Structures are given as structure tokens and as C-alpha cells.
Amino acid sequence: MSDQPLVPLIILLIALVIVLQILRPGIVNERWLANTVKFSIPLALLAGSQTMTMLTGGIDLSVSTVATMAAFIMASQAAAHGAPVAVLLALLPALLIGIANGIGAGVFRVHPLIMTLGTSLIGAGCLQVYQRTVIATGTRIPDLFTWLGTGVTWGIPNALALFIPVAALILFIQKRTGFGRLLYALGDNEKAARLSGAHYWQVILALYVFSSLLAGVAGLLYVGLIRAPSSLSLAEPLLLPSVAAAVVGGTSIFGGRGGYTGTIVGALILTVLTTLLTILQMPEGARRVLFGAIILLVTAVYLRITEDR
Amino acid sequence: MTTQPVLDATGVAKNYGAVAALRNASLSVLPGEVHALMGANGAGKSTLVKILTGAVRPSAGDILIRGKPLDVRSPAQARRAGLVPVYQEPALIPDLDIVSNLRLTRTPVEPFRNWVRELGVPDLDLDDLARDVPLAILRVLDLARALAVQPDVLLLDEMTAALPANLAERVLDVVRRQAAAGRSVIFISHRFVEISALCDRATVLRDGETVGVVDIEPGVEEKIVELMLGARVDRSRPVSASQVAARQPGEKPRLSVRNLSIGTKLNDVSFDLSNGEVAGVVALEGQGQDELFGALAGSIRPAGGTIEVDGRAVRFGHPADAIQAGIAYVPGDRAEALLMQRSVRENIALPFSARLRNWGPIGSQRERGAVSKAIERLQIDTRAQGEVQRLSGGNQQKVTIARWVAADARTILCFDPTRGIDVGTKQEIYKLLRELAGQGKSILFYTSELEEVRRVCDRAIVIFSGRVVDILPVEIADEAALTRASYGLPRGAAADVGILADAAQKGAGAP
Amino acid sequence: KDSYTIGISNTVQGNGWREEMVCAMKAEALASGKVTKLNIAHRNTDAAGQLEDIRNLISAGVDAIVVNPSDPSGVNAALKEATDKGIVVVAVDQGVTEPSAYVISNNQEEYGYLGAKWLFTQMGGKGDVVYMRGAAGASADSDRDKGFKKALAEFPDVKVVHEVYTGWQQDQAKQQILDFIATGTPFNGIWTSGIDNVIVDALQESQTPLVPVVGADNAGFVGQLSSVEGLQGAAVTNPGSIGGAGVTLALQILDGKKPADQTVLVEPQIWDNTTDEGKAKLKAAADPSLNPEWPVSISIPDWTTYTKEQIVACKGPAD
Amino acid sequence: MTSFIRRQSWVSGLFALLVVLFILTRIIQPGYGSGDFGSLARAALPYAFAVAAQTVVVIAGGIDLSVASLMALTSVIAASMMNSASEEYALFVVPFVLAVGFLVGALNGLLIVVTRVPDIVVTLATLFILQGAALMVLEAPGGAAAEWLKASIVGTVAIPGIPESVTAWIPKALVVLLVCLGLVWIPLKRSALGLSIYAIGSSELAAFRSGVSVARTRIAAYAIGGLFGAMGGLSLTMSTGIGAPIPGPYLLASVAAVVLGGVTLGGGKGGLVGPIVAVFILRLMRTDLTLLAIDPNVTSIVEGTVMVAVVMLGAFLAMRERRP
Ligand SMILES: Nc1ncnc2c1ncn2[C@@H]1O[C@H](COP(=O)(O)OP(=O)(O)OP(=O)(O)O)[C@@H](O)[C@H]1O
Ligand SMILES: Nc1ncnc2c1ncn2[C@@H]1O[C@H](COP(=O)(O)OP(=O)(O)OP(=O)(O)O)[C@@H](O)[C@H]1O
Ligand SMILES: [Mg+2]
Ligand SMILES: [Mg+2]
């Protein structure tokens, strides 16, 4: 028994690709596929954070800030300290923000939406202050991340070398570990989980730290892809789509339901949708209207199909 | 008998995907009668009530109200047609105070207040949030709210299941008077004493079908059981409770409670629970039993006193600590214990993953083994096992116990585990508890059905007003004695309370 | 008087250009030696939020306000309140319609025109151009569009094959151009509204033949113009140091030296890598140590007095 | 009972915090006077309406991510209709725009009810749709507002018989805010609909079984949210004199203020007073940060920290109270 039937989602994805191909014959080629996958991966990673936190009825609005921080810090430190140190330094704020989120949501029981919004404001402020100290130090993106972000081998994006293990890990955690069970359990009925011996704060703390580190890794990969190392809002545009990808993929924002496979397809759907709207030559206003309408339609149709089963 | 039925439902069916909750149910209720709706867990009683009151749309069926066909689309519409339900789950809005709850349903306040008093809750503050009101009182409020609008047909779904004896008795009284005033009541209960004391006729459901309508008369119970269970009928005698496990001399008690106190609710409570023993806890509503179980389960921190497990003093800061000490708690309200959207398997296996060191990979083989053994042992109906919320109330209840059978807990605190369970299943649970005790486990068992004490327990600990007022050996713990004790009366006082005693004297039947 | 307090209001945060602008304001305030305190309101907000900020600056009792207006007429009410109180108001980067305020601004229409004209000429006066705009609904974007359209009208054989809003977001722009490249539609040039280096990256990464690209004078793109083999391109200057010029203008007015005109326009320059003159300018301007999002034109002759060290240090008088 | 007290004490705590901030402001800037208070009220206006919109929806158990986009849309509609139109025409524009907000809100609710897609997703979708619609009305900021509308939030209210030193502290913007909110909220709170909104937020199933029409109530809650959102959009046009199609920072601000104001995300609890006070606290904090000439990059750290700290404190107090 799977938590969210994938077939209808995949059909929707294919339908979108077909529409795209009809509108712009020839666009669906190897290169386009590689691009689509490349751009879906960072989104899918951030949506992984959303999926995990949503399972407990939470949400993580700090992922985009964390990802941006990680990218910026790595790029600005790599020149001086070399890649390995830079990566460690880059993941440090991710860790700290994750811990803060976990303590706020798990110990003090602040609503995750507010908690992560707050830490994201704080993080963005810190990043602003930090960037002034490195205006003239130069930036460098380690070759590994450029290779991962932009490279394609035999038509297959190199980013998959990072993404497949990470996705497998997330899926394994969700489906096959005690921790994953507890995520669903807390999202479904916190009291019941407590009576079964689970410590809420432990699970939530671990969860938000994981979510934050995942976002940090997504940021490192993303800066390798976009190669805009000094942008202070690099991953900001991915925040709402990351929530949308998880939801379109069938994860309930109320907790207890959903899984990562759907989210991956959801991220692909959103990426294809963005392409579709870029390709359609129409006024920006109409394009946004269409984007919103399609998200709604996709989710509604998907919900209808899965409900009737 | 040519009276026209007030309510006449025929051919009612309801499918939830592949699960047929109802296949072909019919129900005909005459004016002024109390009509029992009976059936094993999952037979479809609640579903029928929901359909009759517009909470659920049927897949098929005809409903006639006073001879006229009616398509009930919403609870509001059913209400206008004179059908007012009290569902199995409380229907008050948790975050509204009681007055607002009344305003919401346009219930007149004065009649409501009178009914509440009538039903045995004298000191209700209408400004309390429903969230802060205990479950049993909530049920009473739900009923009073229904009564206050003077419904033609009152539908009570296991109204008495969560009530202590004293409140249940008042409810029966009130229902009886409703009927006397010419109104009809549909009454769902798994307690035969109540049925026989109250009802005129019974419609019996089995697997979503009406399998018979019988008049209630002395001796009809056997017939109903047969109809209810069909081939499943289980004639095993009540488990004898006399086989107290032989205790080794000098062995430390499994659980030893001394001078336990919690706020104003619990005072100086002391008792022991041995290995291999089932101890019953008997109390009226709100006498501190909730707090006692809470403290032993690690949910509430006691203000004073000690708890010893196997002779070692313990302090529980979290249910995990109690579980670590081998003490598991099965709450009375199954909604508190279950992950409603998750599978039966995950629900049962939940304690396996709770501890930090068990957060790693799950041993699927081992887990599947443990879970299916527990399912088998409790005979859980797993047709709808993908999500626990699709199981019937009784099967849900079983899952809450199965969890701790699978986890092999040494001590189980069962808070009213047979609430809303059919007779067949009850027998199974009695047997299970005795078996567990036979394996050396110890069980603390709170029950609101006094007759259960004799069937299952080795002793009865009676609590009144936060104190242990008596500990009765099972031999003398009959219903009359327990009732007296639970009102705080000394042993041997006159038997002038309790409808159960009444019913026993009068014999079943005539209301 | 040598001890002014200056208030600053800016409504876009986290964008290299705006950061440079704020740093230029700070550096100029410090270098001038006439400013004792800066009150800076710098956050992401809209016109209503900027009204709030300006009024807060009035409450704080500043002598002058230098504002990058989020809208030419949306903050007039607060600007009027300020000038009524005798506070000098200077709008930088974009103009305002409030007549009592002074304006020193980059000419955005000219920015659009200059780059587009160079590009169309480079394309030989015909062919298909990809038009990557800024953020829909932003006034700088619509001003640049006017200039772009003006140039387009002069080259009837140039067609816009693809017009898209990048939202001034690097990631969005990159995905958009890659998507477009994947369609296989031929194109002969790309005009960008300053999100430029990722476009060149995208062309290289997808092994698409390079076409002429117009961008802004951001450090990253300027570096590419001299280092990327076969790239023809031009950077149109849009100095963020206009903020420093705004401070200078405000101080001049405070000292009683009013300019002849309410509005001072700083005209953009174009540096292309196809002429020797342009190459020389690019070479002089290139600065690989600079944050790649920063415009390399970190000073404006006659208007700013700070050194490169000062603007990079980004320290104001009280820091 | 306990949670009732808790709720009230939270609101009074917020009031106390606001007073402390006022005193602090006077210390930082001794000249801070009635005029500056008027500025504060005007600055609070769009935020307050956004928060009111969010509050109604959150109490009903939902969330409205489209509130800022709706404000942008209503603002550009108002500004473009009033562009080079007569002063009197605005008398028609105002109710028209309010009706648009109401209908768009109702549409949000309707979509949620009909599609059964969760609120957060539907309003995320309408966030884009309304943004697009705003861009279709006005490509770039522009339009105009009637003078009397702009004037209606400038200055103070003169009440005969009350000395000017007092009325100077009653800015028109504050009066407009309180009247607009009060006219909708007070009757609503007393009506059956208001009760139903709390009911569906608290427990949808119980509400349904209590005979509440859940669908209709949800649509009504969103419609009222839309009405408040339109007021917010109008207030933007009134203060800036133009309409801007790009949404301002009102979405996150509204969610933050709702929570600071003691309304639980998830529904059923809280009121409107707390969130409105929270808006004033947040605005005044911004003023103080500007007055103090704090490094602007530090201000977002301060704002974030205060937000987190206050909410944590609230959570901590609630936790202590729950203990016997
Ligand atoms: N929402 C649902 N989805 C799927 N199956 C359901 C749903 N609700 C009820 N059922 C199924 O319908 C059957 C009848 O359930 P119902 O709750 O009516 O039983 P009941 O007679 O009230 O039992 P009990 O005495 O245990 O309360 C059960 O098999 C149950 O699993
Ligand atoms: N995945 C599983 N599948 C089946 N049974 C399990 C599983 N995990 C634990 N159990 C059983 O549940 C009970 C408690 O297990 P748990 O691992 O929590 O015990 P523990 O206190 O950690 O024991 P130990 O100290 O031996 O590790 C044991 O009876 C164990 O056999
Ligand atoms: Mg039932
Ligand atoms: Mg039941």
C-alpha cells in the first residue's frame, strides 16, 4: 500500500509534456530533458524539506534562506579556505537554524510556520551583515559543484549523482525507519505518539535539523547550477514552489499523509509548467493567471482521482 | 397494531470504496417506543444513524418520515424533520463555550439547563469551553442538547458506553420518560441489561444487513446474540476469575503505590498490584481514576507519594519512562491512542519505534510477525486495515490493546477497554486479559461496567472522591456491593441504589 | 555647517546594485566629512512601506533625505511633508513627480535605447532578438522598455522572437533562456535588463553558438566580456554609485548651492568589446575582486569623492 | 474558562507591550508627538486590514496566502478607475472595489469547498492568479486617487467640546481603521455566522454535526476576508495615490501578526483585537529602529528575533499554565 498513488501524477506530468511538445514541436529533446531534470533537482530537494516537515503537520519556511546562506558562504569562503572548509562553514548556519527551529517548534511548541519564518528573517539579516565583510574577497564556486550543477554526462545530468542517493535516503527514512514512522505518527496524533513513548521534542528537533541540512545541500547544488555566487536572494524564488511541489505531490499539510516520491513528480510537474508558461508568448499577467489556475487544476484533479480509488 | 411508524427506512446501503458498511438495512420505529439497534462491532449501526440524520449520504435506500419520503441531506435538515442524534463521538465544538454551542444549534438554554440537572450534573458552568469538559459530561451535554429541542425521534449511539453507572442510570431514566411522553428513541448499546430494562423492540444488524426485529421480553438475549453473531456465536462461559496466580512468598509486588496524591483530585492512594494479577478499579465519574491512571502512565506528575515498580522507586516524567518500566497505558478514548490515518500495522508497531535508539531501520520480518500475531490474538477485522479510521469503533478499540500485546508490556493499564464492544469481542478481551495474567503480566483495569469485575478481576479497588475507600476480594465484589462502595457507603449498607440492582429485582422487560 | 544628519530610504534589499548604492551613500557621507549621522531605512517593501519609512525619517529629525523611490508618484505625500518641514529631498536612480524634490537619476529610457541600438546594429540591422526584461510592473522596467521600443522602431527588420520577464532573478533567467534554447528557435541576439552573466553561462553550458549579448556593467558580466572567447557584447552603465551622487547633491543644497535644474540626469555609457575604445574602457573597469553582482562603475566623476577602499568597506560616518 | 483568561491576558500583555514601546519611543525621540502618531496610524492601515483579512480566515481554520495579491489587485482597480475621473466618481469606485474584494474572497472559499483542495494550496494558486490579474489591469504602477479619499486619512478628527490637545492624538487614519473594522467585525462576532466561523475552525466535523453549513460558512469567512483585503487595497491607493500591481510585504506580515495577536493557526480561537495591537507593535518597532539609526541590515535580525521571542514566550506561558 503506498501513501499516494503515483500513476495519476505521472500521467499528469506526461500530459503536460505532450502539451508542450504540441505547442513547440521539437522542444522535447535530450537537451531539454536534461535541463528540466537539472532545474527540478534543487526544487525537489527543498520540497523534500517541506515533505518531511509537513508529515508532522509543520512547514519549513526557512529553507530558501538557508539554501541561499549556504551558497553564498561557500562561494565567498572557497576562494580563501578551499572547498572542503567552505562547505563545512556553509552548512554551519544551516545546522544552527535547524536547531533553533527544532527547539522553537519542538520544545516551546511555537507553530513551525512562525518559527521558521522568524529564523528565516534572522538568517537573511545575518547574511546581509556578513556580505558586507566579503564585498571584495572574490567568489569561487568549487569545480565539484559546477560539475554537479551544470554538467551532463551521456545526456544525463550529473546532479543525479547527488540527488539519487539523497532521495533514496529520504525515502528510506520515511518508509523504513523508526524515525520516519514517528514523523507520520506525530502528524497524525501527537498524543498517541506520546502515549507510545515518543518524545515530541526529540523527533521535531532531529527533523528540523535534517530539513535544514537538506536545504543547505540544495543551496550548494543550486549555486553550482545557476553560478550566481553572490546573490543574496538566490533560492528565495524557490520557497513557494517548494511548498507547492510537496502539496501537488500529495503530501497533506495537516500531517500524517504523503511521501517523497509524489514530491519528486510534483517538482517535475512544476518545472515543466514553468517551461510551458515561458514558451507561451502571452502577457506576463495572463501567464501568472494560467500558472495559478493550472496548479489548482492539477491538485484538484489529482485529489479527485485518488479519492475515488 | 396499525400505528404508522414515525421512521421507516428500507434497503439502506452504504459503500466506502470496497468496504460495504451497510448492505441492506431496514429500520422501522413506532411512535412512543424505545427501539434498540443491535449488532456486533462493525455491523453498521453508527453508519445507519449517520445516514438517518444526514451526516452521511447513503448509496441506496428509502427513508420515510411519518409516511412521507424524505431525502435527508444534512444534520440541519434532519433536525427540522424532528430527528435529533447523539453520535458516538462528541459533537460539541471544543473551542466554543457551552452557551455558544447551544446558540449554534439554536437550542433553548433553560430547557437544556433543566435536562442537564435532570441527568445528574448539577454544577455545570455554561461558560466553560467544551474542550475543558470531561468526556462523560460532554456526552451528557450532547444528550441534554438533543432533548432540549423536543425531538420526535431521538437517536442515541452508544450513549451510555462512556458513562459511569450513576450517570448511565439517569440517562435510562430520562429515555424511558421520553417514550412515555409519546416520543421515539433509537437506542444503541452493547449492554443487555440496558436493552432489557428499557427497550420495546430491537432491530439486529449483522454485516450491514437487518437480520431480525424482535420484541424485548425475558430470555430474548440469547436470540439476539445468535442473530448478531450468526455463525460466529461464542458460547464460552465467562472466564472464571478465581484462578489467582499463585504468588511466590516474599516476591515484590509488580507495582506498589503509596500515598499518591495529585492536586485535589487524588488523595493518599495506596495499593499493590502483583505479578499475574488483574486488579479492577471501580469508581463513579470523576473520582480521580483519570488522574491515577495518568500518574501511573507517566502523563501526570504526582504531587506526593511514591510509585514502586518491582520494589524500585520510580519517577515518571514522560509516558516513555513508564513504558521503559514496562507499564503501558490504554486510554479510554481511542481517539487519543490511535493514528487514525495510518494502517493497523503501523498503529500496532508504533511503540517499537518510539525510543531514540529504535529510530533506525525497521526489522520488517520481526515486526510483521509481532503485528500479525497480535491481530490474530485479538481477532481484529482487517478488511479496512489501510486506515484505522475506517475500522468500526470496536475494532479500533482492539487495536489500542493489540499494540501492547505486540510490545509485550509487562503491566497494562486498561481504562475501560470494553467500552462500546460487542458481547463476542468482550468475551475475547476478558479471555485475553486473563491469559496475559496467566503469563505473569499484571493488569490494572478500570471499568464502568460493574459486572465485568467478577468476570475478569482478582480484586476490586474502589475509589471515591480521590481516595481508596475499599478493596474488595472478587468473591464479594458483586454489582450491588460495588455500587454501594463506589458511592462511598460502607460494606453491608442497605442496597437502595443502582438501577442494575433494580433491574435484577424486577426482572428484565417492562419499562 | 558641517554636522548634518541624512536619512536614506531604499525599498529593495539583497540585490547587488542596491547594496552598492547604499554603500556609495555611506562612503560619500563619510568622505564628505559633513555628515555626522546616517539614518538608513533599507528593506524590501512597497510604496506604502516607503511612505512609512520616510515619515519615520522625518520624525527622526534629519536634515536631508536621499530616497530611491519605489514609484515616481507613490511617495509624493511624504516627500511633500518633508520639504514642507524644510528637509532637503533628493531622489536618486528614478525620478519623482513631487516638484519640491530634487532628482538625480540614471536615465533608464536611455539605458534601454543605447543597449538595444548597439545590439541591433551588431546584428546587422535584422534578425531575431530575445528580450529578457526585468520585473513586471516595476517602473525602471517600463522606462527601459520605452527605450527598447524606440530602438526597435528604428530597425524594422529586427523581430522580438521571445519576450520574458526575469523578475531580475538569476535562477529564473537561466531556466528561461535554457528552456528557450531547447526549443531550437533560432535567434541572433539577446538583450538583458542586467541579469546578464547567467545568460552567457547558459549559452556556453548548452554549447549554443554565442550571439551578441547586452547587459549591464556588473562585475561578472564585464569580466566575461573580456575573457569569454568569441563573445560579442556590450555593457551599459547603470552606476549604483548614483547613491553617492545623491548624497553630494543633498549636501550641496544644504550648503546653499542649489542646482540650476530640479532634475539632474546621469547619462549611461556603453562599453562594447567590439571596438578598441570599448575594450579599453572594459579593461579599465574590470575588477575581478568585486562581488560579481556589483556594478563596476563604483564612482561618478564630479559627483563622488570616496575611494574604492571606502565604498568596499561600506562604512558610514557613525560606523 | 482557563483558556478564555489566557486569551484575554495575552491581549492585555500585548497592550502593555505597546505602551512600553511608546514610552521607549518618547525616550529615544523626545519630540515624538501626535503628528508622528498619525504617521504610525497611516502606516499601520494596510497592515491592519491585511491582518484582519487573515484573522477571519485563520479563525475559520484556513489560511489565505492570496491576501497581498488581492490588495494589489483591488488597489490597481481603484487607482485605474479613478484615473482622470471626477471626484464624485470615487463614491462609486469605493463600493465597487469592496464588492470585488468580497467576491474574490468568496471565490477563494468556493474553490476550496468545490475542489476540496486544502486552503493553503488554493490560495497559493489564487496568489498567482490575482497577481496576474493585477498586472493585466495595470502593467506598471500608475493611476490616481480622488483627493477626498486621500485626505480622509490625513490629519486628525476634530470633535467639538474636546480640546485640540486631545483630538490631536486621534488621527483620522485610526478612526477610519476602527470604523471599517468595527462595522464588519462587531456585528459578525454577534451573529450566528460569526459563531459558525469559530465552530468550523474548531472542529469541522462537530460543526457539521451541529447543523452548521460548513461550506457556506467557509465561503462567507473567505468573503469577509476578501472584503477586509479590499479595504487594505483601497488604503494603499489612498495613502500612495497610485496603484501598484506588485504585491507588498503583507502576506508574511499578516501571518506573523495573527499569531502574535494570539490567534491559533488551525482555527477556532482568538479575536481581532490582539492581531491589530500586534500590527501597531510591529510598526512602532520599525519606527524605533529607524529613530535609533540602527544598521538597516540588523533591523531584520531584530524584527525576527522579537517575533520569535514573543511567540516563544507566549508558548512558554501557555505550557506552564497547562501544568497543574
Ligand atoms: N469512512 C469509512 N470508510 C471506510 N469504511 C468505513 C467508514 N466508516 C465505517 N466504515 C466501515 O463500515 C462498517 C460499519 O461501521 P460502523 O461504525 O457503522 O459500525 P458499528 O456497528 O457502529 O460498530 P461499533 O459497535 O464498533 O461502533 C465497518 O466495517 C467500518 O470499517
Ligand atoms: N521491529 C519490531 N518488530 C517486532 N517486534 C519488535 C520490534 N521492535 C521491538 N519489538 C518487540 O517489542 C518489545 C520492545 O522492544 P524494544 O526494542 O523497544 O525493547 P528495548 O527495551 O529496547 O529492549 P532491549 O533493551 O533489549 O533493546 C520487545 O518484545 C521486542 O521484541
Ligand atoms: Mg458505532
Ligand atoms: Mg462502537
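Side-chain atoms are counted along with the backbone in the values below, which use heavy atoms only and exclude waters and symmetry mates. Lettering follows sequence order; numbering is per chain, from 1. Please read these numbers as outputs of a predicted model, since none were measured by experiment.
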Next on the checklist: Let's go through D/D288 and C/N56 carefully: what are the C-alpha distance in whole Å and the side-chain angles of both, what is the deciding distance for side-chain contact (heavy atoms from CB on, under 4.5 Å) to 0.1 Å, and is it a yes or a no?
Outcome noted: CA-CA 8 Å; D/D288 288 348; C/N56 283 339; over 6 Å; no

Checklist entry - chain C heavy atoms under 4.5 Å from D/L291: which part of the residue, side chain, backbone, both or neither? => result both

Checklist outcome for this item: Honestly, the part of C/Q13 sitting under 4.5 Å from a heavy atom of chain D is side chain

Next on the checklist: Is it the case that atom CD in D/E87 sees more than 12 heavy atoms from other parts of the structure closer than 6.0 Å?
Outcome noted: yes

Checklist outcome for this item: When the 4.5 angstrom heavy-atom criterion is applied to D/R42 and chain C, the contacting part is side chain

Item to check | Salt bridge present between C/E52 and D/R283 (N-O < 4.0 angstrom) | outcome: yes

Checklist entry - Atom OG1 of C/T45 and atom CZ of D/R286: how far apart are they, to the nearest 0.5 Å? => result 8.0 Å

Checklist entry - In Å, rounded to the nearest 0.5 Å, how long is the span from CG of C/L51 to OG of D/S39? => result 9.5 Å

Item to check | Side chain, backbone, both or neither of C/S142 within contact of chain D (heavy atoms, under 4.5 Å) | outcome: side chain

Item to check | Greater than 12 external heavy atoms within 6.0 Å of C/K149's NZ | outcome: yes

Item to check | Within-4.5 Å side-chain heavy-atom neighbours: C/N44 and D/P249 | outcome: no

Checklist entry - What are the two closest heavy atoms between C/A48 and D/T240, and how far apart are they? => result N-CG2, 3.6 Å

Item to check | Minimum-distance pair of heavy atoms, taken over all atoms of C/G61 and D/Q29 | outcome: N-NE2, 4.4 Å

Checklist entry - What residue in D/A43, D/G31, D/A44, D/S235 has the most heavy-atom pairs under 4.5 Å with chain C? => result D/A43

Next on the checklist: Quick check against the 3.5 Å criterion: does C/N39 have a side-chain atom that pairs as donor or acceptor with the backbone of D/T290?
Outcome noted: yes

Item to check | Pair C/K146 + D/E139: basic N to acidic O under 4.0 Å | outcome: no

Item to check | Which portion of C/D71 sits near chain D, non-hydrogen atoms under 4.5 angstrom | outcome: side chain

Next on the checklist: Quick check on C/I8 against chain D: is it the side chain, the backbone, both or neither that has a heavy atom closer than 4.5 Å?
Outcome noted: neither

Item to check | Taking every non-hydrogen atom, the tightest pair across D/I242 and C/S73 | outcome: CG2-OG, 3.2 Å

Checklist outcome for this item: Within residues 140-157 of chain D, the residues sitting under 4.5 Å from chain C by heavy atom, in sequence order, are D/A140, D/P141

Checklist entry - What are the two closest heavy atoms between C/A77 and D/S239, and how far apart are they? => result CB-O, 4.4 Å

